[in-house]
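Below: the structure, in structure tokens.
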Amino acid sequence: MLGRTEILFKWLLYASGVLICWMLHGVALQFLDIFGVMPFVFPMLAAVIAMYEGPLAGSICALVLGVVCDLTIAAPIPCFYTLVFPIIGMLAGLISKNWIPMGFWCACLLSVLAFVLTDGFHCLLLALTGSRHAMSTAMSLAIRETGSSLPFLIPVYLVFRRIHEICHVYD
């Protein structure tokens, strides 16, 4: 069982990893154009952290990440990421603890699931507006965004795997 100091250290390391990914996204990825879209790493962050920390801690971390995203990134509705990311965190934590062992392939599956949920909710919101053309465009964008973002899973996975190894040496 981790003590209070170890838990604080662990979450400071996770926050540092998120900050590194945030700076990578803000400095480098916003100028990168793959398949006509900019890669979006934040759903992957929520899924990978929840894979390592489980459903409860992963959902709370994803909730905080969602709030930060909502404060800094435009979304289709207010609090969009705050609503979607905790669901991603809970599902990722449950899947990695009960069905698929933690590892790179689990992270790949959970990242795709995170994009399906995030972009699926985008498409659902557009479907509620009744625009058929917007729905097909959103689905095309969702596929291209997922494809352009998945190569960046490798550095995200490596960073958070190392943080998990440092913090859970005695597990």
Side-chain angles (χ1 to χ4, degrees), residues 14-15 17-19 21-22 24-26 28-100 102-157 160:
Y14 276 118
V18 169
L19 184 62
C21 293
W22 195 277
L24 171 74
H25 188 270
L29 296 184
Q30 72 178 354
F31 300 111
L32 194 59
D33 186 5
I34 303 173
F35 305 127
V37 295
M38 176 183 76
F40 188 56
V41 298
F42 302 114
M44 285 190 294
L45 289 175
V48 170
I49 293 172
M51 175 183 75
Y52 285 120
E53 292 303 318
L56 179 62
S59 296
I60 293 170
C61 182
L63 175 70
V64 172
L65 184 62
V67 169
V68 172
C69 283
D70 279 327
L71 292 174
T72 58
I73 300 172
I77 61 170
C79 300
F80 178 79
Y81 297 111
T82 305
L83 297 172
V84 174
F85 282 6
I87 296 169
I88 292 169
M90 181 188 63
L91 288 175
L94 288 172
I95 289 171
S96 70
K97 295 296 179 197
N98 297 322
W99 292 323
I100 302 172
M102 290 184 291
F104 181 72
W105 297 113
C106 182
C108 288
L109 175 75
L110 295 176
S111 295
V112 169
L113 176 67
F115 280 109
V116 166
L117 287 172
T118 304
D119 294 329
F121 281 120
H122 273 123
C123 291
L124 178 67
L125 289 173
L126 286 173
L128 293 176
T129 64
S131 176
R132 288 185 208 165
H133 299 294
M135 183 69 172
S136 63
T137 304
M139 290 180 78
S140 169
L141 177 67
I143 292 168
R144 290 183 291 141
E145 182 182 65
T146 304
S148 70
S149 301
L150 282 179
F152 297 97
L153 174 64
I154 295 169
V156 167
Y157 171 75
F160 288 102

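In this chain, numbering begins with 1 at the start of the sequence shown. Given the structure is predicted, the values throughout are model-derived calculations rather than measurements.
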Q. With no hydrogens and no angle check, is any side-chain donor or acceptor of Ser149 less than 3.5 Å from a backbone partner on Phe40?
A. yes
[X] versus [Y], closest heavy-atom pair with distance:
X      : Y      : value
Phe85  : Pro43  : CZ-N, 3.9 Å
Ala47  : Ser111 : CB-N, 4.3 Å
Met51  : Met102 : O-SD, 3.2 Å
Ala50  : Ser96  : O-OG, 4.1 Å
Thr118 : Phe80  : O-CZ, 3.5 Å

Straight-line distance of [X] [atom1] to [Y] [atom2], nearest 0.5 Å:
X      : Y      : atom1 : atom2 : value
Tyr157 : Cys108 : OH    : SG    : 9.0 Å
Met38  : Glu145 : CE    : CD    : 8.0 Å
Leu83  : Leu117 : CG    : CG    : 12.5 Å
Ser148 : Ile143 : OG    : CD1   : 12.0 Å

Tabulate below the donor-acceptor pairs under 3.5 Å that side-chain atoms of residues 56-65 make, not counting sequence neighbours, or state none.
{"unit_1": "Ser59", "atom_1": "OG", "unit_2": "Pro55", "atom_2": "O", "d": "2.6"}
{"unit_1": "Ser59", "atom_1": "OG", "unit_2": "Met90", "atom_2": "N", "d": "3.1"}

Would you check if [X] and [Y] make a side-chain contact, meaning some heavy-atom pair closer than 4.5 Å?
X     : Y      : answer
Ile88 : Leu113 : no
Val68 : Val18  : no
Ile95 : Leu110 : yes

Q) Pairs in or reaching into residues 49-70: which pass ring-ring contact (aromatic ring centres under 6.0 Å, His included), with residues at least two apart or in two chains? A) Tyr52-His164
Q: Evaluate the side-chain contact (heavy atoms from CB on, under 4.5 Å) criterion for residues Leu24 and Val41: first the C-alpha distance (whole Å), next the side-chain angles of each, then the deciding distance (0.1 Å), finally the verdict.
A: CA-CA 9 Å; Leu24 171 74; Val41 298; 5.6 Å; no
Q) Which class fits the ring pair Tyr14 and Phe160: parallel under 30°, tilted 30 to 60°, perpendicular over 60°? A) parallel
**Q.** Mutual orientation of the aromatic rings belonging to Trp22 and Phe42 [parallel < 30°, tilted 30-60°, perpendicular > 60°]
**A.** tilted
Q. Who passes side-chain contact (heavy atoms from CB on, under 4.5 Å) against Thr146, sequence neighbours left out?
A. Phe115, Asp119, Leu150
